[in-house]
Amino acid sequence: MEHIILINHSYKTVYSNEDYLLSLIAESGLITQNDIEIYRNNLTGNQSVIERMISERKLSEEQVAQVCAQSSSVDYIDLEHTPIAPDVFDAIPEEVVRRFKAVPVVDHGSYLVVAVADPLNFEALDTLPHLIGREISPVCATPSAIEQTIKHNYGAELNDDDAPEGLTWGGDEDEADANDAPIIKLVSQILVEAFNCRASDIHIEPLEKSLRVRYRIDGKLIEVDNHPKKLLPAIVARLKVMSGTMSIAEKRLPQDGRIQIQMAGKGVDLRVSSVPSNHGESIVMRILDKSALLLGLPELGFLSDDQETFNEMIGLPDGIILVTGPTGSGKTTTLYACLNVINRPDKKIITVEDPVEYEMPGINQVMVKADIGMTFGAALRAMLRQAPNIIMIGEIRDAETANIAINAALTGHLVFSTLHTNDAPSAVARLADIGVKKFLIASAVRSIIAQRLVRKLCPTCKTPMALSEREMRMLNIDGNQVLDSDIHGPEGCEKCRNSGYKGRMGLFEIFKIDDEVRHMINDELSSPQLRKRARELGMRTLREDGIRKVLSGMTSAEEVISVTMSDMA
């Protein structure tokens with residue numbers, strides 16, 4: 001049977017189901033078939049017949065609710081004048097109450113009496129017992145009475161809870177109202193504070209007796225708060241509902257979702273991951289700030305000479321450009337910055353990603369869905385039939401993806417992708433290990449960029465500082481190099497949360513493939529031999545690029561040493 005749903009105090013129809021309810025009301029003698037036809041022929045906008053009749057007092061909400069109750073063989077309840085014990089509201093999680101417009105009325109122990117506005121919504125009534133773990137006995141109340149009860153006992157809604165699209169935060173005028181529900185305000189506070197702190201991740205972790213909240217700021221995890229453990233279910237439910245795709249009933253399996261919000265006028269995506277742990281569900285949210293797409297090469301950390309080399313590389317008509325490094329080294333941000341630079345109306349750009357992290361206007365982005373057969377390989381084969389100029393592959397993971405990428409590069413496409421290697425020359429060996437023939441690597445790969453992220457010194461509080469003997473020894477710096485330098489170190493202030501650092505930038509190792517290197521790859525020379533040739537061509541190592549940025553006062557010696565321990569000075 002088709003059913004009706006109730007939203008915002010009034011009836012909205014689904015498919016043609018309003019006719020069923022109207023026939024029930026007509027059978028009760030409250031209206032006639034002639035009334036129905038008159039109102040139907042004079043509808044304006046998106047109003048339904050029942051809404052129009054209620055607004056013009058042809059019917060009352062109470063009359064419609066009583067007809068619904070009678071047709072469903074449930075009792076009608078005057079919710080506005082029915083006392084409800086305060087502890088009864090704890091029987092159903094707030095997010096469930098708001099999603100289904102279902103208010104707990106009486107707790108009988110073995111079952112729960114629940115007031116709903118639509119007793120004909122059998123799908124909702126079947127789902128509720130599974131969500132709350134108890135049987136229910138429905139009663140029918142008016143939509144406005146249910147809304148008022150929810151508002152009075154749970155607070156005003158911050159958003160449309162049926163399909164939340166995000167919050168808008170731009171200042172005091174956009175902050176949560178003082179009457180908002182405590183959990184909604186708490187979750188909103190966590191998101192806003194994390195954004196203001198420039199966090200890249202939010203970690204909500206259940207411990208044995210508490211709930212820990214940590215932010216990853218400039219690559220470092222910082223504990224910011226502890227909450228009572230009992231808040232965990234409500235916080236997790238709120239975030240799952242905001243994602244729109246995660247099930248609040250499923251707590252045994254990992255889930256992924258996405259929340260799109262506006263903060264301080266910026267579009268921000270939150271990539272949400274839930275994992276069951278021994279003390280409850282752990283939530284991690286990765287903050288994807290869309291303004292990062294607009295970063296130029298200097299903001300990424302490229303110095304002037306590297307910018308020239310980089311611009312030359314991304315202007316090539318074909319071939320593969322690889323960005324390498326460990327997880328969390330900023331490879332994807334660099335790729336998106338590349339696409340942003342070359343994204344023009346005369347270029348067709350297609351990406352295949354797992355998942356799509358940033359949505360870029362003017363670019364066709366394809367998300368991998370392995371469970372339905374949409375693998376990297378399948379997506380790439382389909383993409384090539386779309387006649388693109390430029391292709392971006394989120395990561396080369398296997399021989400199939402690698403070989404399709406190589407073939408695309410050899411047939412006139414410019415291909416961007418990432419690999420997990422420690423340095424740039426090692427990417428050749430990595431591709432060979434995957435199963436790509438050396439002569440194909442030599443023919444297709446144009447350049448390889450290895451990168452790491454270091455924290456930038458806070459511009460407000462950084463202070464002139466001399467290098468210690470240990471730092472000079474580890475960085476292989478002599479006294480002459482520091483004579484005309486501008487070396488600074490971290491101090492700490494309010495703007496950087498007393499860390500001395502604010503923001504991150506890249507250290508880069510750019511390996512250009514020339515004809516001699518191609519011959520070396522064909523001759524199957526080792527990575528150390530390729531590295532030696534790259535150094536002869538002028539390639540700076542990650543540590544050497546870091547030294548330049550230490551001498552120019554952009555970062556500290558300790559930062560460079562810590563992230564380039566595997567790099568030979």
If you compare all heavy atoms of Pro388 against all heavy atoms of His413, which two are closest, and at what distance to 0.1 Å? O-CD2, 2.9 Å

With a 3.5 Å cut-off and no angle check, do the side chains of Gln365 and Glu353 form a donor-acceptor pair? yes

Residues Asp433 and Arg430 bridged, charged N to O under 4.0 Å: no

Asp423 and salt bridge (charged side-chain N to carboxylate O under 4.0 Å, His left out): which single residue from Arg531, Arg540, Arg535, Arg543 fits? Arg531

Going by atom types alone, do Thr421 and Ser426 pair a side-chain donor with an acceptor below 3.5 Å? no

Closest heavy-atom pair and its distance - Tyr501, Cys496: O-CB, 3.3 Å

If only side-chain N and O atoms count, and only distance matters, is there a donor-acceptor pair under 3.5 Å linking Glu395 with Ser417? no

So OG1 of Thr418 and CD1 of Ile393: to nearest 0.5 Å the spacing works out to 9.5 Å

Testing Ile547, Val454, Thr541 for side-chain contact (heavy atoms from CB on, under 4.5 Å) with Leu507, which one passes? Val454

How long is the span from the CG atom in Leu221 to the OG atom in Ser200, to the nearest 0.5 Å? 8.0 Å

Side-chain donor-acceptor pair under 3.5 Å between Asn226 and Glu223, yes or no? yes

I would like to know whether Glu205 and Arg212 meet salt bridge (charged side-chain N to carboxylate O under 4.0 Å, His left out); could you show each step before the answer? CA-CA 5 Å; Glu205 305 161 317; Arg212 180 173 65 182; 2.9 Å; yes

Can you find a side-chain donor-acceptor pair between Glu312 and Thr309 that sits under 3.5 Å? no

Flag the pair Arg214 and Asp225 as a salt bridge only when some basic side-chain nitrogen lies within less than 4.0 angstrom of an acidic carboxylate oxygen. no

Can we say Arg344 and Asp346 salt-bridge, meaning some charged N sits less than 4.0 Å from an Asp/Glu carboxylate O? yes

Check this for me: does any side-chain nitrogen of one of Asp305 and Arg548 sit under 4.0 Å from a carboxylate oxygen of the other? yes

Could you tell me whether the side chain of Met242 reaches within less than 4.5 Å of the side chain of Arg238, counting heavy atoms only? yes

Hey, could you give me the CG/CE distance between Asp354 and Met374, rounded to the nearest 0.5 Å? 11.5 Å

Go through the side-chain N and O atoms of Glu558 and Ser556 and say whether any donor and acceptor fall under 3.5 Å apart. no

Determine the interplanar angle of the Phe508 and Phe302 rings, folded into 0 to 90°, and report it as parallel if under 30°, tilted if 30 to 60°, perpendicular if over 60°. parallel

So, for Leu440 and Val436, which heavy atoms are closest and what is the spacing to 0.1 Å? CB-CG1, 4.1 Å

Point-to-point distance, once rounded to the nearest 0.5 Å, from CG of Leu207 to CG of Leu232: 10.0 Å

Met313 side, atom CE; Ile448 side, atom CD1 - distance, nearest 0.5 Å: 9.5 Å

Salt-bridge test for Asp545 and Lys549: reply yes if a basic N is under 4.0 Å from a carboxylate O, no otherwise. yes

Taking the basic N atoms (NZ, or NE/NH1/NH2) and the acidic carboxylate oxygens, is any pair closer than 4.0 Å for Arg381 and Glu400? yes

Between Arg198 and Asp218 (salt bridge meaning N to carboxylate O under 4.0 Å), is one present in this structure? yes

Decide yes or no for Phe310 and Ser447: does some side-chain heavy atom of the first lie under 4.5 Å from some side-chain heavy atom of the second? no

Please tell me if the side chains of Ile259 and Ile261 come closer than 4.5 Å, counting only heavy atoms from C-beta onward. yes

Close side-chain approach of Pro254 to Ser273, heavy-atom, < 4.5 Å: no

Please determine which of Thr351, Leu414, Leu380 meets the side-chain contact (heavy atoms from CB on, under 4.5 Å) test together with Ile391. Leu380

Ignoring hydrogens and geometry, is there a side-chain-to-backbone donor-acceptor pair from Lys462 to Lys456 under 3.5 Å? no

N-O pairing of Arg455 and Glu559 below 4.0 Å: yes

Salt-bridged, Arg533 to Glu516, with N to O below 4.0 Å? yes

Given Asp269, which partner from the list Gln260, Arg286, Met285 fulfils the side-chain contact (heavy atoms from CB on, under 4.5 Å) test? Gln260

